[in-house]
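All remarks here apply to the structure that follows.
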Amino acid sequence: MSSEVRDNIVTMASDEDFSLPEVKTLPFEETLDGIQTLIANNKAKYDQLIEEQNELTDLRKDHQEMTQKLQHRCDKLVKTLENEQQFYMDELTKEMVKVNSLKQEEEQIMDEIQKVEAALLEETAKYHHLREQADVFSSMPEKTVAFTGVTTSATNAPTFETKSRIVYPMDGGTALITFEEEVVAKKILTLKQHKVNLTEETFITVEAEAVTLILPKLVEIESEVCPRRILISNLPKMDRETMLDKLNIHFHRRKDGGGEVESCEFLADSGTVVLTFTDKDIAKGLTDTEFHGVQLQKKKKHRVRVTPFLNGTVTKLETRMKVCPRTVLLTGIPAVMEQETLQDLLEIHFQKSVSGGGEIEACLYNPTGQQISALFESVVPKVEKKQ
């Protein structure tokens with residue numbers, strides 16, 4: 001039986017084709033060695049990553065430390081910058097204060113310079129004015145002066161004397177009476193009210209008041225050369241109108257240094273002539289030449305002198321009140337008759353000694369409703385000649 005089986009097996013084997021299964025080759029990664037290698041590689045990568053992580057951690061710590069240091073340094077720099085900025089601001093403020101102070105000093109200095117320049121100009125103008133005045137005074141017209149033989153003490157002699165002329169406006173219904181003696185005027189003022197007989201049956205009552213005048217106490221006059229006027233002196237004695245016409249014609253001609261003449265006036269007190277031009281640039285040239293030959297008479301030239309004309313301006317005036325010692329003012333006079341008749345009756349009344357009056361030097365009556373002015377002149381005391 002065993003031999004049969006064996007034969008059967010062999011027969012079966014010979015009848016069917018048997019082959020070994022095909023063995024598939026796995027990738028290396030799926031093999032044990034591959035997996036082990038992969039694990040080893042991954043472990044190496046892991047170790048590398050851990051190492052890199054540690055390095056990154058160290059770097060982060062270093063960066064954090066550096067950042068803290070930089071922050072600290074930055075804060076310190078900011079603080080320093082703020083301090084320096086504050087310091088510079090304080091210094092800038094101080095410098096601005098100094099600049100403003102210097103500007104104020106500069107403005108003060110400029111003001112002082114302007115004042116000094118103005119004062120210099122003023123002094124220069126004064127100098128030229130005084131120089132001009134000196135030149136004018138040196139070229140003033142000559143005037144003959146004669147000694148009369150009357151002498152007086154040097155201490156009693158006045159240094160300067162003027163004659164006052166005062167215009168006194170009178171109200172209506174008033175009168176002014178000037179007596180020859182002061183005592184009479186005082187008596188009239190003491191009695192105050194006076195009855196003046198107009199007829200045997202009628203009279204008027206007037207009141208006497210003192211006359212107070214405003215007189216100059218101190219007068220300062222500033223003189224300056226008039227640019228349009230000249231003063232002509234050294235003139236001959238001849239017909240006044242003819243002389244003025246000749247002077248007008250001569251100084252009107254351009255060839256003689258003249259120009260258009262505005263006016264020509266004769267001054268009787270000095271015997272000189274004031275000539276006024278319309279232009280301001282003519283008088284100076286004529287006064288510089290000073291002497292001029294003018295044909296005032298037929299076929300004869302007369303040598304006249306031309307000098308500057310001075311204008312005077314009152315720069316200072318001080319006044320004082322003065323009571324007229326010999327004049328009284330009568331008020332309350334009604335207009336009951338003609339002006340001349342009533343003035344005669346007033347004069348007659350106040351001449352009578354029984355009325356307290358005396359000798360009258362002047363009398364002026366102004367009726368109600370009229371306006372007139374009285375002229376007061378100062379009286380220079382007469383000097384008695386010594387025998």
Side-chain angles (χ1 to χ4, degrees), residues 148 150 152-153 156-158 160-219 268-269 317-387:
T148 60
V150 180
T152 183
S153 174
N156 298 329
F160 186 73
E161 187 176 277
T162 59
K163 187 175 182 180
S164 301
R165 294 171 60 88
I166 301 171
V167 177
Y168 184 85
M170 295 180 62
D171 296 330
T174 62
L176 289 171
I177 297 179
T178 300
F179 297 95
E180 292 184 355
E181 298 180 359
E182 294 182 16
V183 63
V184 178
K186 290 180 179 179
K187 189 184 298 183
I188 296 297
L189 292 173
T190 302
L191 295 174
K192 194 162 180 69
Q193 290 190 346
H194 300 267
K195 291 183 178 181
V196 180
N197 293 322
L198 302 180
T199 62
E200 294 181 355
E201 298 179 353
T202 59
F203 65 88
I204 59 174
T205 302
V206 298
E207 291 188 2
E209 299 177 2
V211 177
T212 303
L213 301 177
I214 301 176
L215 300 178
K217 179 181 179 182
L218 174 64
V219 180
D269 57 345
L317 175 62
E318 294 181 5
T319 60
R320 60 187 176 90
M321 306 301 292
K322 174 69 175 178
V323 177
C324 293
R326 298 188 297 114
T327 303
V328 297
L329 175 66
L330 303 177
T331 61
I333 305 174
V336 293
M337 56 179 61
E338 294 293 331
Q339 178 179 353
E340 293 183 2
T341 304
L342 186 53
Q343 180 170 317
D344 291 340
L345 291 174
L346 291 171
E347 190 170 351
I348 292 171
H349 174 83
F350 285 100
Q351 278 182 335
K352 297 178 181 179
S353 57
V354 294
S355 303
E359 292 297 326
I360 293 176
E361 184 176 304
C363 179
L364 179 62
Y365 164 59
N366 182 33
T368 303
Q370 295 188 17
Q371 294 181 351
I372 61 174
S373 297
L375 179 63
F376 286 83
E377 293 184 351
S378 59
V379 178
V380 179
K382 295 182 180 179
V383 180
E384 295 183 358
K385 295 183 180 180
K386 295 183 179 179
Q387 299 296 331

Practice task
Sequence neighbours left out, what passes salt bridge (charged side-chain N to carboxylate O under 4.0 Å, His left out) with Glu201? Give chain and number order.
Solution key: none
Exercise for the section: To the nearest 0.5 angstrom, please state how far the CD atom of Glu209 sits from the CG atom of Leu176. Expected result: 11.0 Å
Handout entry: Residue Glu181 excluded, over 12 heavy atoms near CD under 6.0 Å
Key = no
Fill in the blank from the handout: On a heavy-atom basis, the closest approach of Ala175 and Met170 is CA-CE, 4.0 Å
Handout entry: CD-CD distance between Glu180 and Gln351, expressed to the nearest 0.5 angstrom
Key = 9.0 Å
Completion exercise
Of Leu345, Val206, Val328, the one forming a side chain to side chain contact (heavy atoms under 4.5 Å, CB included) with Phe350 is Val206
Exercise for the section: Drop me the distance from Tyr168's OH to Ile214's CD1, to the nearest 0.5 angstrom. Expected result: 10.0 Å
Practice task
Could you give me the CA-CA distance, side-chain angles and deciding distance for Thr319 and Lys217, then say whether side chain to side chain contact (heavy atoms under 4.5 Å, CB included) is met?
Solution key: CA-CA 5 Å; Thr319 60; Lys217 179 181 179 182; 5.7 Å; no
Problem - Distance (rounded to the nearest 0.5 Å) between Thr327 OG1 and Glu182 CD - result: 10.0 Å
Handout entry: Minimum heavy-atom distance between Arg320 and Pro216, given as atom pair plus value
Key = NE-O, 4.2 Å
Handout entry: Atom of Gly356, atom of Val184 and distance for their closest heavy-atom approach
Key = O-CG1, 3.8 Å
Completion exercise
The reported gap from NZ in Lys187 to CZ in Phe179 (rounded to nearest 0.5 angstrom) is 10.0 Å
Problem - For Leu189 against Ala210, the heavy-atom pair lying closest together - result: CD2-N, 3.5 Å
Practice task
For residues Ile372 and Leu364, determine if any side-chain heavy atom of one lies less than 4.5 Å from a side-chain heavy atom of the other.
Solution key: yes
Exercise for the section: Please answer whether the main-chain N or O of Asp171 pairs with a side-chain N or O of Asn366 as donor and acceptor at a distance below 3.5 Å. Expected result: yes
Exercise for the section: Return yes when atom CG of Leu215 has more than 12 non-hydrogen atoms of other residues, nucleotides or ligands closer than 6.0 Å, and no otherwise. Expected result: yes
Problem - Straight-line distance of Leu198 CG to Leu346 CG, nearest 0.5 Å - result: 8.0 Å
Problem - Short side-chain to backbone donor-acceptor contact, His194 and Ile188, under 3.5 Å - result: yes
Completion exercise
Of all heavy-atom pairs linking Pro334 and Leu342, the shortest is O-CD2, 3.6 Å
Exercise for the section: Look at the side chain of Gln343 and the backbone N and O of Tyr365, then say whether any donor-acceptor pair between them is shorter than 3.5 Å. Expected result: yes
Problem - Shortest non-hydrogen separation from Val167 to Ser373 and the atoms involved - result: CG1-CB, 3.5 Å
Exercise for the section: Return yes when atom CD of Glu338 has more than 12 non-hydrogen atoms of other residues, nucleotides or ligands closer than 6.0 Å, and no otherwise. Expected result: no
